[in-house]
Structure formats: structure tokens, C-alpha cells
Engineer: 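There's a structure below that I have some questions on.
Below, chains carry the letters A, B, ... as their sequence lines are ordered, and counting in each starts from 1.
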Number of protein chains: 2
Amino acid sequence: MSLRHAVLGLLADRPASGYDLLKTFAISLGNVWSATQSQVYTELGRLADSGQVTVTAEGARGRKEYAITESGRAELHRWLTRVEPNRTPRNDTLLRVFFLGLLKPAEAEAFMRREAETAAAHHKELAALTTVAAGQDSFSAHGRLALEWGLRVTAAQHEWALWAEQQIVDRAAGGGGGGGHGGGDEDEDVPAQG
Amino acid sequence: MSLRHAVLGLLADRPASGYDLLKTFAISLGNVWSATQSQVYTELGRLADSGQVTVTAEGARGRKEYAITESGRAELHRWLTRVEPNRTPRNDTLLRVFFLGLLKPAEAEAFMRREAETAAAHHKELAALTTVAAGQDSFSAHGRLALEWGLRVTAAQHEWALWAEQQIVDRAAGGGGGGGHGGGDEDEDVPAQG
DNA sequence: TCTTGACCTGTCAGTGATGGAAGTTCTAGC
DNA sequence: GCTAGAACTTCCATCACTGACAGGTCAAGA
């Protein structure tokens with residue numbers, strides 16, 4: 001449902017063709033909201049039908065350039081200011097974490113280690129983007145806010161994965177499969193959050 | 001697509017009816033993967049058709065208790081160990097952040113402030129769960145790992161939102177609407193992450 | 001000229017997600 | 001006996017997403 005607004009938002013910056021939008025998704029916006037080809041073209045068609053965008057030019061190779069209309073801008077503004085962001089949680093990795101007890105400790109440990117590596121790699125990718133995305137326009141500036149979110153969250157994820165891996169190791173050593181788990185050096189149940 | 005595995009995972013712990021599963025989603029698992037009534041019942045039907053779960057008892061009021069089968073367990077294990085977690089980014093809030101430039105600075109600022117509040121509230125909710133979810137079984141133990149993730153990420157989100165709000169204030173004060181923006185005390189572009 | 005490949009737009013079938021409405025059966029209280 | 005409501009399941013219309021397919025046009029080089 002938000003794809004519509006992603007497209008509107010991009011067109012609010014400047015007119016573009018479906019192909020152009022696809023490139024923007026691939027480069028920057030896709031880090032935050034991904035879209036496939038068919039989705040973008042379908043959505044452009046729908047938006048044109050409802051009068052929120054119009055075709056402003058037809059170029060070579062059948063290229064159609066779309067621009068946002070007043071009606072589209074109004075809808076975009078309404079969405080930005082009046083519609084609650086959708087926070088439906090849907091985290092594939094965490095879902096698996098819930099069920100890690102079904103694996104052997106070694107498997108579960110490997111899972112968390114892979115997660116740690118993935119988070120670190122993702123963080124690195126984003127850090128590389130930082131040096132590139134240095135535009136002074138508003139779109140770039142706000143993109144950097146989103147980028148910073150990514151940096152912080154991937155960093156937190158990395159540390160969490162390392163911590164969780166250790167928890168699993170401890171539990172395997174202390175508790176085994178059965179009921180209670182051996183006490184001892186387990187003060188550090190949950191780290192302080194400030 | 002992962003709803004199937006969420007259901008399988010819950011049934012791997014113990015047999016349950018659709019209604020039971022719904023309660024589990026409402027209480028714990030829903031923080032990580034939400035599901036509606038129709039989804040759960042539909043999925044149970046599909047799983048029964050494909051032989052990954054079976055009806056083990058029929059109780060009062062048409063209640064059907066489902067249990068996972070060997071085939072279901074195998075699929076679950078395959079998913080946990082062999083299937084890459086789906087990392088399709090789809091973050092409604094960040095999508096809006098990209099387009100905050102379309103709002104007046106005061107509106108954008110209000111948006112970020114609301115985000116900060118939401119993150120703080122969410123963090124508090126999760127912290128309240130911490131004291132409750134103290135079971136010693138494996139499902140609870142791993143649930144706490146997921147919970148810890150939530151605590152860390154909401155904390156990071158809160159701080160990020162505060163930081164971003166400040167960025168917006170600075171930009172409005174320094175740059176205004178036009179081209180370049182006034183230099184000065186803007187060393188702190190991006191905080192260190194190391 | 002012919003080929004290769006980038007550019008650019010679309011359609012379609014299958015599948016799953018969403019949200020609401022509805023219906024039956026049991027329990028508890030009057 | 002009657003009612004209210006909780007327990008529990010099922011159906012349906014609509015919409016979003018995926019992945020594949022199916023084009024047609026221009027530019028540059030062999």
C-alpha cells in the first residue's frame with residue numbers, strides 16, 4: 001500500500017519514467033522499501049488512472065515521463081502527516097530465533113554467528129554508501145537520515161547477535177536439554193539499556 | 001510465506017487449536033510476526049492438506065487440535081537451517097523520512113518527535129514484558145533473545161529519532177529552503193559508530 | 001548489414017494477505 | 001428456559017506481490 005506513496009514521493013522531487021524510478025529504487029530507496037518492475041509500472045498506471053500523476057512527455061523507445069499532479073501532492077502530504085506509519089512487525093530472523101530450541105546447540109550457535117556476520121556486512125555496505133551519498137539537495141539530506149538509522153540498527157544487531165550467540169553457548173554448557181539450568185556466573189542476564 | 005513456519009514452530013512445541021495459536025500470536029509471537037484470524041485458520045487448513053499437521057482431537061464447540069507431523073518437523077528444520085531469512089526491507093517510517101523535505105520544517109520536526117515518542121513507548125512496553133516472560137522452557141528462553149533484540153533496537157531508534165530531529169532543526173536554522181547551507185558548528189554530521 | 005545489448009514498457013497467472021461477516025456450540029447467570 | 005457472551009471455526013471479496021513472459025526501439029560496433 002505504501003508503494004503508491006513511494007512513487008508519488010519520488011515524482012514529487014522530479015518527473016521521471018518507470019525506468020528511472022526503478023533505478024532510484026535500486027540505488028537508494030530500495031534500502032528502505034523495495035519494489036519490482038511489475039509493481040512500479042502497475043502502480044504508475046493506477047496513479048495515472050486516478051489522476052494523481054500524468055504523462056508529461058513521451059520520449060524515445062516508448063519512454064513515458066510522469067509528473068505528480070496537485071491531487072497527488074495532496075495525497076502525499078496527507079499520507080506524510082495524517083496516516084500512522086504501519087508498524088506491523090514481520091521479522092523473519094526473529095521468528096527463527098523463537099524456534100532455535102528445536103535445533104542442536106551447535107546449529108543454533110551457527111545461526112547466530114551467521115546473523116552477526118550478516119549484520120556486520122550490511123553495516124559495512126551502508127558505511128560505504130555514506131561517503132557516496134553526499135548530495136546537498138533535500139532528498140539526499142533526508143536519505144542520509146535514513147542511512148544513519150541503518151548504521152545504528154545494523155550496529156545494534158551485530159552486537160545483539162554476538163550477545164545472543166554467547167547466551168546460547170552458556171545455556172548449552174549450563175542447562176543442557178532438561179529442566180532448570182545450572183546457576184553460577186549468570187548475573188548478566190540482560191544488559192543495561194539506559 | 002513464513003506464517004506457515006510460525007505455525008509449524010508453535011505446533012512443534014505442543015499441539016494446539018487455531019484459537020490457541022491466535023492467543024500465542026497476540027501475547028508473544030505477534031511482536032515478531034503478526035497474523036490475523038483468517039490467516040491462521042487458512043494456514044492450518046493448508047498445512048493439514050499437505051500433511052505437515054494433523055487433527056489429533058476434536059473438542060467442544062468444533063475445536064480442532066492440531067499436531068505437527070514428521071513431515072512438518074522436517075520442513076521446519078529445513079527452513080531453520082537451510083533457507084536464508086528474507087530481508088526484504090520494508091520500513092514505512094523510513095520511507096516517510098526520505099520525503100520529509102516535502103513538509104515544512106515544523107511538520108518534519110513534529111514527525112520525528114512523534115517517532116521518538118513511539119520508540120520510547122515501545123521500548124517501555126517491551127521492558128514490561130521482560131519481567132513477565134520468565135519461563136524456563138526453551139521457547140521462553142529464546143523468546144527472551146528476541147525480546148532483547150527489541151529492547152536494543154527500540155533504544156537505538158529512540159536515540160536516532162532525537163538525533164534526526166536535531167538535524168532537521170539545524171538544517172532549518174542554517175540552510176533554509178535554497179541552495180547551499182550556512183556552515184558553522186556542523187562538525188557533527190554523523191556520529192561515530194565504531 | 002547484422003548483431004549485441006542497453007533501454008523501456010507492459011501483461012498475466014498464481015498465491016498469499018487483509019478485513020470483515022457470519023455461524024455454531026458451550027457456559028454462566030438470571 | 002432464556003439471554004449474553006465467550007469460545008471456536010469458516011467463508012468471501014478484494015487487493016498486493018511475485019516471477020515470468022512478451023514485446024518494441026535505439027546506439028554502437030564487427
Side-chain angles (χ1 to χ4, degrees), chain A residues 1-8 10-11 15-27 29-30 32-50 53-66 79 83-84 86-92 95, chain B residues 1-8 10-11 15-27 29-30 32-50 52-66 75 79 83-84 86-92 95:
Chain A
M1 194 54 183
S2 288
L3 175 62
R4 165 174 299 117
H5 301 103
V7 168
L8 282 176
L10 290 177
L11 292 181
S17 68
Y19 195 78
D20 294 338
L21 295 182
L22 247 353
K23 272 187 292 186
T24 308
F25 273 103
I27 293 169
L29 202 59
V32 144
W33 199 278
S34 64
T36 65
Q37 205 191 35
S38 36
Q39 264 180 297
V40 168
Y41 284 112
T42 306
E43 198 58 54
L44 280 172
R46 272 202 283 256
L47 284 168
D49 284 349
S50 69
V53 306
T54 46
V55 177
T56 52
E58 309 215 5
R61 279 171 281 224
R63 179 182 211 273
K64 286 190 207 162
E65 198 171 75
Y66 291 88
W79 174 73
V83 180
E84 258 298 285
N86 173 16
R87 302 183 203 275
T88 311
R90 209 148 274 191
N91 187 318
D92 202 336
L95 181 58
Chain B
M1 195 52 185
S2 287
L3 175 63
R4 166 172 299 121
H5 300 103
V7 168
L8 282 177
L10 289 177
L11 292 181
S17 68
Y19 196 78
D20 295 336
L21 295 182
L22 246 356
K23 272 188 293 186
T24 307
F25 273 103
I27 293 170
L29 202 58
V32 144
W33 199 278
S34 65
T36 65
Q37 213 186 33
S38 32
Q39 263 179 298
V40 167
Y41 284 110
T42 307
E43 198 58 53
L44 280 171
R46 272 202 282 258
L47 285 169
D49 285 348
S50 69
Q52 302 187 7
V53 306
T54 45
V55 177
T56 52
E58 309 215 6
R61 279 172 279 226
R63 179 183 211 272
K64 287 189 209 161
E65 196 171 76
Y66 291 88
E75 165 59 19
W79 174 72
V83 180
E84 258 298 285
N86 173 14
R87 304 183 201 274
T88 309
R90 207 149 274 192
N91 188 318
D92 202 337
L95 181 58

Engineer: Looking for any heavy atom pair under 4.0 Å, which part of the strands does A/Tyr66 touch: base, sugar-phosphate only, or nothing?
Structural biologist: sugar-phosphate
Engineer: If I take atom NE2 from residue B/His5 and atom CG from residue A/Leu95, how far apart are they, to the nearest 0.5 angstrom?
Structural biologist: 9.5 Å
Engineer: Using heavy atoms and a sub-4.0 Å distance, could you list which residues of residues 16-24 of chain A are near DNA chain C? By number, please.
Structural biologist: A/Ser17, A/Gly18, A/Tyr19
Engineer: Using atom CZ of B/Arg63 as one end and atom C1' of C/dC26 as the other, report the distance to the nearest whole Å.
Structural biologist: 13 Å
Engineer: Can you tell me how far the CG atom of A/Leu21 sits from the CG atom of A/Leu44, to the nearest 0.5 Å?
Structural biologist: 5.5 Å
Engineer: Once you round it to whole Å, what is the distance between P of D/dC11 and OH of B/Tyr41?
Structural biologist: 13 Å
Engineer: Show the distances under 3.5 angstrom between N or O atoms of the protein and N or O atoms of nucleotides 14-16 of chain C.
Structural biologist:
{"from": "C/dG16", "atom 1": "OP2", "to": "B/Arg46", "atom 2": "NH1", "distance (Å)": "3.4"}

Engineer: Any side-chain heavy atom of A/Arg87 within less than 4.5 Å of one from B/Asp92?
Structural biologist: no
Engineer: With salt bridge (Lys or Arg N to Asp or Glu O under 4.0 Å) as the test, would you mind laying out the steps for B/Glu58 and B/Lys64 before giving the verdict?
Structural biologist: CA-CA 5 Å; B/Glu58 309 215 6; B/Lys64 287 189 209 161; 5.7 Å; no
Engineer: For B/Leu3 and C/dA17, what is the distance between atoms CG and C1' respectively, to the nearest whole Å?
Structural biologist: 9 Å
Engineer: Rounding to an integer number of Å, can you tell me how far A/Leu44 CG sits from D/dA16 P?
Structural biologist: 15 Å
Engineer: Base contacts versus sugar-phosphate-only contacts with protein, heavy atoms under 4.0 Å: please encode nucleotides 20-28 of chain D as B, S and - from 5' to 3'.
Structural biologist: B----BB--
Engineer: Looking at C/dT11, C/dA17, D/dT9, which one has an atom nearest to any side-chain atom of B/Lys64?
Structural biologist: D/dT9
Engineer: Measuring from atom OH of A/Tyr19 to atom CD of A/Glu65, what distance do you get when rounded to the nearest 0.5 angstrom?
Structural biologist: 15.5 Å
Engineer: Can you tell me how far the OH atom of A/Tyr66 sits from the CG atom of A/Leu11, to the nearest 0.5 Å?
Structural biologist: 9.5 Å
Engineer: Please examine the side chains of B/Leu47 and B/Arg4, heavy atoms only from C-beta on, and report whether any two atoms are closer than 4.5 Å.
Structural biologist: yes
Engineer: A side-chain contact here means heavy atoms from C-beta on lying under 4.5 Å apart; do B/Val7 and B/Arg46 qualify?
Structural biologist: no
Engineer: Without decimals, in angstroms, what is the distance between A/Asp92 CG and C/dA17 P?
Structural biologist: 12 Å
Engineer: Is any side-chain heavy atom of A/Arg90 closer than 4.5 Å to a side-chain heavy atom of B/Arg90?
Structural biologist: no
